[in-house]
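Numbered from 1 within each chain, the chains take letters A, B, ... in sequence-line order. These numbers were taken from a predicted model, which means no experiment stands behind them.
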There are 2 protein chains.
Amino acid sequence: MTIEGRMASIHEPRMHSMCGHDPQEAEMFRSILSRIGDKWSVMLVGMLHEGPLRFTELKQMTSGISAKMLAHTLRQLERDGLVEREIFAEIPPRVVYRSTPLGKSLAVPIMAVAEWASAHQAEIAGNRDRYDAVPDSGA
Amino acid sequence: MTIEGRMASIHEPRMHSMCGHDPQEAEMFRSILSRIGDKWSVMLVGMLHEGPLRFTELKQMTSGISAKMLAHTLRQLERDGLVEREIFAEIPPRVVYRSTPLGKSLAVPIMAVAEWASAHQAEIAGNRDRYDAVPDSGA
DNA sequence: TAACCGGGTTACGTTCACGTAACCGGGGGT
DNA sequence: ACCCCCGGTTACGTGAACGTAACCCGGTTA
């Protein structure tokens with residue numbers, strides 16, 4: 001390993017940890033990232049992070065989501081153990097969703113990405129515009 | 001705001017920052033998250049983080065990727081300014097891809113998510129198995 | 001009786017991510 | 001002459017993600 005390589009390994013994260021490895025771990029890793037990349041999961045985790053909410057409350061707060069996607073996304077989150085579903089056997093019955101400790105722990109790195117995205121969104125938008133404006137790239 | 005609410009707002013990230021806002025910013029945010037959630041981007045950013053690589057080198061290192069998806073993903077990354085493409089006008093011509101400073105800065109929060117995923121993957125896998133084993137959920 | 005709400009489910013269609021396979025153009029190896 | 005390498009592009013097909021609209025059941029309201 002070169003001097004530069006050694007210095008880099010001290011100051012830089014070892015990104016390679018998420019590529020090689022055994023294929024099963026890579027698949028797992030991918031599926032977690034996919035959840036972060038999907039349209040509603042991060043938003044829902046964010047809302048539930050601040051307190052439990054009912055299905056209809058989530059639907060109203062999350063402008064644009066359909067009942068189908070809300071139910072589906074909540075099932076996925078529940079399957080992963082990021083969210084809990086509680087049914088109150090009352091009349092009328094009531095359902096609340098709440099973030100689990102695992103879900104809350106995910107909020108931390110998610111926020112890091114969110115802050116990066118927020119900090120660089122203008123730069124990325126500019127890059128995109130510039131790239132799309134170059135004739136031999138965009139068209 | 002309640003006492004609990006105030007204390008929470010001190011200790012916990014304000015996830016709400018990524019939901020409301022204006023729709024254009026939300027769209028931008030979503031598109032960045034999608035890139036993180038897609039199948040190859042994170043892996044490629046990780047590889048290029050450690051040094052520039054040629055198309056064929058990336059293809060060989062990234063087991064399973066097709067030339068099409070590699071080219072496509074690299075174009076997207078290049079469009080966003082996360083990766084640079086350099087063509088050496090030699091004979092034979094040579095193309096190298098390298099991470100930009102923006103790309104390297106993304107590696108930091110990505111690593112935080114990667115470490116979270118690595119730390120909790122067994123727990124999530126267990127949650128998934130348990131959920132899928134319950135007859136009224138999985139089937 | 002009719003209409004509405006809560007918490008969904010089902011059917012259906014579209015778009016997009018991703019995969020496979022074939023092709024291409026210039027150069028080099030044998 | 002022939003095929004391979006590099007760096008892709010193009011055509012085509014599949015399944016997943018996402019959207020809309022309709023429906024459902026038990027209970028309450030008017």
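Regarding E57(B), its CD atom lies at a distance of 13 Å from the C1' atom of dG7(D), rounded to whole Å. If you measure from atom CZ of R94(B) to atom C1' of dG7(D), you get 14 Å, rounded to the nearest angstrom. Going from atom CZ of R30(A) over to atom P of dA16(D) covers 13 Å, rounded to whole Å. Across the protein-nucleic acid pair, E78(A) atom CD and dG7(C) atom C1' stand 14 Å apart, rounded to whole Å. In this structure, CE of M43(A) is placed 11 Å from P of dC18(D), rounded to the nearest angstrom. One interatomic measurement links the two molecules: NZ of K59(B) to C1' of dC5(D), which rounds to 13 Å at whole-angstrom precision. Straight-line distance from the CD atom of Q76(A) to the C1' atom of dC18(D): 13 Å, rounded to whole Å. Between the CD1 atom of I65(A) and the P atom of dG19(D) there is a distance of 7 Å, given to the nearest Å.
Of all the heavy atoms in V113(A) and V113(B), the pair that sits closest is CG2-CG2, 3.4 Å. Pairing each heavy atom of Q121(A) with each of M28(B), the nearest pair is O-CE, 3.3 Å.
At the heavy-atom level, L70(B) lies nowhere under 4.0 Å from the strands shown.
Each of G64(B) and P92(B) was assigned the nucleotide of DNA chain C with the nearest heavy atom; the assignment lying further toward the 5' end belongs to G64(B).
Separating the CH2 atom in W40(A) from the CD1 atom in I65(A) is a distance of 5.0 Å, to the nearest 0.5 Å. Annotation: the span from M47(A) atom CE to Y97(A) atom OH amounts to 15.0 Å, rounded to 0.5 Å. In this structure, E115(A) CD and M111(A) CE are separated by 4.5 Å, a value rounded to the nearest 0.5 Å.
For S118(B) (side chain) and A114(B) (main-chain N/O), no donor-acceptor pair under 3.5 Å exists by modelled atom type. Using modelled atom types, no side-chain atom of H72(A) and backbone atom of K68(A) make a donor-acceptor pair closer than 3.5 Å.
Side-chain proximity of R54(A) to the nucleotides dG7(D), dG7(C), dG27(D) is greatest for dG7(C).
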Task: Dot-bracket line, read 5' to 3' along DNA chain D, where crossing pairs take [ ] and | marks a partner on another strand, Watson-Crick or G-U under 3.5 Å - done: ||||||||||||||||||||||||||||||
Task: CA sep, side-chain torsions, deciding dist, call: R75(B), E78(B), salt bridge (Lys or Arg N to Asp or Glu O under 4.0 Å) - done: CA-CA 5 Å; R75(B) 294 293 107 79; E78(B) 191 191 357; 3.7 Å; yes
Mind listing the N/O atom pairs, protein and nucleotides 8-17 of chain C, below 3.5 Å?
| from | atom 1 | to | atom 2 | distance (Å) |
| --- | --- | --- | --- | --- |
| dG8(C) | OP1 | R75(A) | NH2 | 3.1 |
| dG8(C) | OP1 | R85(A) | NH2 | 2.3 |
| dG8(C) | OP2 | Y97(A) | OH | 2.7 |

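Counting heavy atoms from C-beta on, the side chains of P52(A) and E86(A) never come closer than 4.5 Å.
In terms of phosphate contacts, T56(B) brings a side-chain nitrogen or oxygen within less than 4.0 Å of OP1 or OP2 of dG7(D).
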